[in-house]
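Order of the sequence lines sets the chain letters (A, B, ...), proteins ahead of strands, with each chain counted from 1. Keep in mind that this is a model prediction, so the values were computed, not measured.
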Number of protein chains: 2
Amino acid sequence: MKGLEARFGELLKELRNKKGLTQEELATDCGLDRTYISMLERGLRQPTLTTLFKIAEVLNVSPSSIVKQLE
Amino acid sequence: MKGLEARFGELLKELRNKKGLTQEELATDCGLDRTYISMLERGLRQPTLTTLFKIAEVLNVSPSSIVKQLE
DNA sequence: GTGTGACTTTAAGTCCGTA
DNA sequence: ATACGGACTTAAAGTCACA
């Protein structure tokens, strides 16, 4: 079983690509840093609840649907 | 609109009480500190993804169902 | 059984850059 | 456009004593 952070990272990358956004665009729209998005996608960081909600909003998905895919 | 942390805290308290657990029991079962649970319930901390998953497991609810109630 | 303040350590998150 | 690194600031993790 891969770690939670790694699975979140993969999912984030997938959702971001599906939306046709670059890491930089996603970061800007979320009010986050470009390098932080990179770290999230590589499984080097894990988001807080607030960050999860911010990202989900920009990606036009519900936060719970993201979490559900990690269960 | 109340902050996300505050709403998570209220929900956590509600779910914990529904399960008939004290903060102390929940904390022990999660491998967390009692005072940390207290801070979460008061909205003074916000959980990371990992902490959310730990707590949800002990409360016998899915992490996504918790998140869904915060949307 | 819980709230709270003070605290130390770890991780979240930013900002600079290179390749 | 992204990976990756160092140095940094802010907040979360995690603990303790006391009310």
Side-chain angles (χ1 to χ4, degrees), chain A residues 1-67 69-71, chain B residues 1-64 66-71:
Chain A
M1 180 87 161
K2 211 169 280 187
L4 189 58
E5 303 90 336
R7 286 183 291 127
F8 174 78
E10 285 175 9
L11 177 56
L12 173 57
K13 186 170 191 170
E14 188 187 323
L15 291 172
R16 176 178 62 78
N17 285 328
K18 200 176 290 179
K19 255 242 133 187
L21 294 174
T22 65
Q23 290 183 351
E24 201 153 14
E25 289 166 336
L26 174 61
T28 301
D29 292 355
C30 291
L32 295 169
D33 195 84
R34 140 188 98 72
T35 63
Y36 177 55
I37 298 294
S38 172
M39 287 189 279
L40 282 177
E41 290 190 358
R42 283 180 288 148
L44 301 180
R45 291 285 190 281
Q46 72 170 313
T48 57
L49 216 48
T50 297
T51 301
L52 172 68
F53 271 67
K54 276 196 226 171
I55 291 175
E57 183 172 9
V58 173
L59 292 176
N60 280 318
V61 296
S62 67
S64 63
S65 75
I66 294 182
V67 172
Q69 294 179 69
L70 300 175
E71 287 166 3
Chain B
M1 180 88 161
K2 212 170 278 187
L4 188 58
E5 303 91 336
R7 285 183 291 127
F8 174 78
E10 285 176 10
L11 177 56
L12 173 57
K13 186 169 190 170
E14 187 187 323
L15 291 171
R16 176 178 62 78
N17 285 327
K18 200 176 292 180
K19 257 239 132 189
L21 294 174
T22 64
Q23 290 183 351
E24 202 153 14
E25 289 165 337
L26 174 61
T28 302
D29 293 355
C30 291
L32 296 170
D33 195 86
R34 158 188 90 72
T35 62
Y36 177 54
I37 299 293
S38 171
M39 288 190 278
L40 282 177
E41 290 190 357
R42 284 178 289 144
L44 300 180
R45 289 284 190 282
Q46 76 170 307
T48 57
L49 220 46
T50 297
T51 302
L52 172 67
F53 272 67
K54 274 196 229 172
I55 290 174
E57 184 172 9
V58 173
L59 292 175
N60 280 319
V61 295
S62 66
S64 63
I66 293 182
V67 172
K68 199 177 188 72
Q69 294 179 67
L70 299 175
E71 289 167 2

### Message
Is it true that, when you exclude B:Lys54 itself, more than 12 heavy atoms of the residues, nucleotides or ligands shown sit nearer than 6.0 Å to its NZ?
### Response
yes
### Side-chain donor-acceptor contact under 3.5 Å, B:Thr35 with B:Ser38
no
### Task
Determine, stepwise, if the pair A:Thr50 / B:Glu5 fulfils side-chain contact (heavy atoms from CB on, under 4.5 Å).
CA-CA 8 Å; A:Thr50 297; B:Glu5 303 91 336; 4.1 Å; yes
#### Entry: B/S/- contact track for nucleotides 7-14 of chain D, protein heavy atom under 4.0 Å
-----SBB
#### Entry: Short side-chain N/O contact from A:Lys13 to OP1 or OP2 of D:dA3, under 4.0 Å
yes
### Query
Atom CG in B:Leu26, atom OG1 in B:Thr22: separation rounded to 0.5 Å?
8.0 Å
#### Entry: Flag, side chain of A:Gln46 to backbone of A:Leu4, donor-acceptor distance under 3.5 Å
no
### Query
Taking atom CG of B:Leu11 and atom CD of B:Glu41, what is their separation to the nearest 0.5 Å?
10.0 Å
### A:Cys30 versus A:Ile55, closest heavy-atom pair with distance
SG-CA, 3.7 Å
Can you tabulate the close N/O pairs, meaning under 3.5 Å, that link protein atoms to atoms of nucleotides 17-19 of chain C?
from: C:dG17; atom 1: O6; to: A:Arg34; atom 2: NH2; distance (Å): 3.0

### Query
Going through the checks in order, is the side-chain contact (heavy atoms from CB on, under 4.5 Å) test met by A:Val67 and B:Lys68?
CA-CA 9 Å; A:Val67 172; B:Lys68 199 177 188 72; over 6 Å; no
### Message
Tell me the bend of the helix from C:dT2-D:dA19 to C:dA19-D:dT2 as the angle between end helix axes, each from five pairs, rounded to the nearest 10 degrees.
### Response
40°
### Query
Does B:Arg45 use its side chain to pair, donor to acceptor, with the backbone of B:Met39 at less than 3.5 Å?
no
### Task
Measure from CD on A:Gln23 to P on C:dC15 and round the result to the nearest Å.
17 Å
### Message
Categorize B:Thr22 for me: base, sugar-phosphate, or nothing, with a 4.0 angstrom heavy-atom threshold over every strand shown.
### Response
sugar-phosphate
### Query
Between atom CG in B:Leu26 and atom P in C:dG1, what is the gap in whole Å?
14 Å
### Task
Please state whether the phosphate of C:dT2, meaning OP1 or OP2, lies under 4.0 angstrom from any side-chain nitrogen or oxygen of B:Arg16.
yes
#### Entry: Over 12 foreign heavy atoms within 6.0 Å of CD, A:Glu14
yes
### Flag, side chain of A:Arg16 to backbone of A:Leu21, donor-acceptor distance under 3.5 Å
yes
### Task
Round to the nearest Å and state the distance from A:Glu41 atom CD to C:dA12 atom P.
16 Å
### Message
Can you measure B:Glu24 atom CD to C:dG1 atom P for me and round it to whole angstrom units?
### Response
8 Å
